[in-house]
Amino acid sequence: MSESSPSTHATAQTTAQTTAQAYDGVAVLYAELVRDALDHLPLDRAMLGAFAESVRATGAGPVGDLGCGPGHMTALLRDLGLDAFGVDLSPAMIDLARRAHPDLRFELGSIDALESADGELGGILSWYSVIHAAPRDVPSYLAEFRRALAPGGHLLLAFFESEGGPVVAFDHKVTTAYRWPVDDLAALAYEAGFDEVGRMLREPREGERYRRGHLLMRRR
């Protein structure tokens, strides 16, 4: 994990605990809502396919689905030919994931303090998993992702995009989250040691409030 001041780390831990408790409280409902969410999102599936193909091409290490929730995305990565495992801070989500996908590995833990060794992973999927982190804490998450990834490993970030505005908090249905300008998040990732491979911005569909952003990055 990257270095930070004690006060900053304590604040990040408090935010993470609040987020975990919030997702514990809605775990079953959340799992039902997201189970088939990708069926009608061809652009999102295309980015996931590009990520999987990029990781397979390097042939390097397992893939961490960080902030895996009920494990539906971990299972998708497995179906795309990746050696995938999931990590989440919510005990209720991990329990659901293990029951739904007993053939896959799921770990309870914080995604800014991974148990993976330096350079162990071939890929990281961060599918809306840093949206609840305070903006000042996001660089430490990216630094941890870089530490765990092998050189040339790929990172796919999915997030809510701010549509030309600055970073802004919004009333996510579970707990406070943040919308990011795609250029700002790409710049932070570059500073953390990632080169951009490609990006996709998708306008909100019916029932969605905000534009969705996707960044595919490669670890330098």
*Asks:* Do Val167 and Pro181 have side-chain heavy atoms sitting under 4.5 Å apart?
*Replies:*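 SC-SC contact between Val167 and Pro181 confirmed.
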*Asks:* Honestly curious: do Leu82 and Leu104 fall in one hydrophobic cluster under the side-chain, below-4.5 Å linking rule?
*Replies:*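 No, separate clusters.
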*Asks:* Is there side-chain contact between Ile111 and Val130, with at least one heavy-atom pair below 4.5 Å?
*Replies:*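 Sidechains of Val130 and Ile111: in contact.
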*Asks:* How long is the gap from CE on Met217 to CG on Leu149, to the nearest 0.5 Å?
*Replies:*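 Separation between the atoms: 11.5 Å.
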*Asks:* Can you confirm whether Arg179 sits close enough to Arg209 that some side-chain heavy atom of one is under 4.5 Å from a side-chain heavy atom of the other?
*Replies:*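 Answer no - side chains too far apart.
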*Asks:* Under the ring pair (Phe, Tyr, Trp, His ring centres under 6.0 Å) test against Phe170, which residue among Trp180, Tyr178, Phe160 passes?
*Replies:*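 One option only clears the test, and that one is Phe160.
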*Asks:* Hey, any chance Trp127 and Phe106 share a hydrophobic cluster, counting ILVMFWY side chains that come within less than 4.5 Å of each other, even indirectly?
*Replies:*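 Looking at the clustering, Phe106 is in a separate group from Trp127.
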*Asks:* Do the side chains of Glu163 and Tyr210 get nearer than 4.5 Å, heavy atoms only?
*Replies:*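 Sidechains of Glu163 and Tyr210: in contact.
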*Asks:* To the nearest 0.5 Å, what is the distance between CZ (Arg147) and CG (Leu121)?
*Replies:*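 With rounding to 0.5 Å, CZ (Arg147) is 8.0 Å from CG (Leu121).
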*Asks:* Kindly indicate whether the side chain of Leu155, heavy atoms from C-beta on, has any atom under 4.5 Å from the side chain of Arg219.
*Replies:*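 They are not in side-chain contact.
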*Asks:* So for atom CD, which belongs to Glu115, do other residues, nucleotides or ligands contribute more than 12 heavy atoms lying within a distance under 6.0 Å?
*Replies:* no
*Asks:* Report yes if the distance between the aromatic ring centroids of Phe51 and His214 is under 6.0 Å, otherwise no.
*Replies:*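 No.
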*Asks:* Would you say the side chains of His172 and Tyr128 form a donor-acceptor pair under 3.5 Å?
*Replies:* no
*Asks:* Measuring from atom OG of Ser126 to atom CD1 of Ile131, what distance do you get when rounded to the nearest 0.5 angstrom?
*Replies:*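 Output value for this atom pair is 9.5 Å.
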*Asks:* If you apply the rule salt bridge (charged side-chain N to carboxylate O under 4.0 Å, His left out), what do you find for Glu161 with Arg199, and how did you get there?
*Replies:* CA-CA 12 Å; Glu161 211 274 329; Arg199 63 176 67 184; over 6 Å; no
*Asks:* Centre of Phe85's six-membered ring, under 6.0 Å away, within 45 degrees of the axis: is that where NZ or CZ of Arg105 sits?
*Replies:*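 Verdict for Phe85: a cation-pi partner in Arg105.
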*Asks:* Only pairs at least two apart or in different chains count here, so list each side chain to side chain donor-acceptor pair (under 3.5 Å) that has a residue in residues 71-82.
*Replies:*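 The answer is Asp65-Thr74, Arg78-Asp103.
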*Asks:* As an exercise, state the distance from CG of Leu48 to CE of Met73, rounded to the nearest 0.5 Å.
*Replies:*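 The CG atom of Leu48 sits 4.5 Å away from the CE atom of Met73.
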*Asks:* Are Leu96 and Leu108 linked, directly or through intermediate hydrophobic residues, by side-chain heavy-atom contacts shorter than 4.5 Å (ILVMFWY only)?
*Replies:*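 Unlinked, Leu108 and Leu96 end up in two clusters.
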*Asks:* What's the separation between atom CG in Leu89 and atom NE2 in His132, rounded to the nearest 0.5 Å?
*Replies:*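 Going from the CG atom of Leu89 to the NE2 atom of His132 covers 11.5 Å.
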*Asks:* Return the OG to CD1 distance between Ser129 and Ile124, rounded to the nearest 0.5 Å.
*Replies:* 9.0 Å
*Asks:* Are the side chains of Leu185 and Leu157 in contact, using a 4.5 Å heavy-atom criterion?
*Replies:*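 A side-chain contact exists here, since the closest heavy-atom pair is under 4.5 Å.
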*Asks:* Using a cut-off of 6.0 Å, state whether more than 12 heavy atoms not belonging to Glu53 lie near its atom CD.
*Replies:* no
*Asks:* Kindly determine whether Arg220 and Asp195 satisfy salt bridge (charged side-chain N to carboxylate O under 4.0 Å, His left out), including the steps that lead there.
*Replies:* CA-CA 7 Å; Arg220 287 197 293 277; Asp195 292 322; 2.8 Å; yes
*Asks:* Any side-chain heavy atom of Leu66 within less than 4.5 Å of one from Leu114?
*Replies:* yes
*Asks:* Is it true that a side-chain atom of Arg45 and a backbone atom of Asp39 form a donor plus acceptor pair closer than 3.5 Å?
*Replies:* yes
*Asks:* With side-chain hydrogen bond (donor to acceptor under 3.5 Å, both in side chains) as the test, pick out the partner of Ser90 among Thr19, Asp24, Asp95.
*Replies:*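 Testing Ser90 for a side-chain hydrogen bond (donor to acceptor under 3.5 Å, both in side chains) against Thr19, Asp24, Asp95 leaves exactly one candidate, Asp24.
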*Asks:* Is Leu38 reachable from Met47 through a run of hydrophobic residues whose side-chain heavy atoms are each under 4.5 Å from the next?
*Replies:* yes
*Asks:* Under a 3.5 Å distance rule, please check whether Arg202 uses its side chain to pair with a backbone N or O of Arg212 as donor and acceptor.
*Replies:*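 Flag not set: sc Arg202 to bb Arg212 has no pair under 3.5 Å.
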*Asks:* Please answer whether the main-chain N or O of Cys68 pairs with a side-chain N or O of Asp88 as donor and acceptor at a distance below 3.5 Å.
*Replies:*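 Yes: the side chain of Asp88 pairs with the backbone of Cys68.
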*Asks:* Indicate yes or no for a side-chain donor-acceptor contact from Arg218 to the backbone of Ser54 under 3.5 Å, with no hydrogens or angles considered.
*Replies:* no
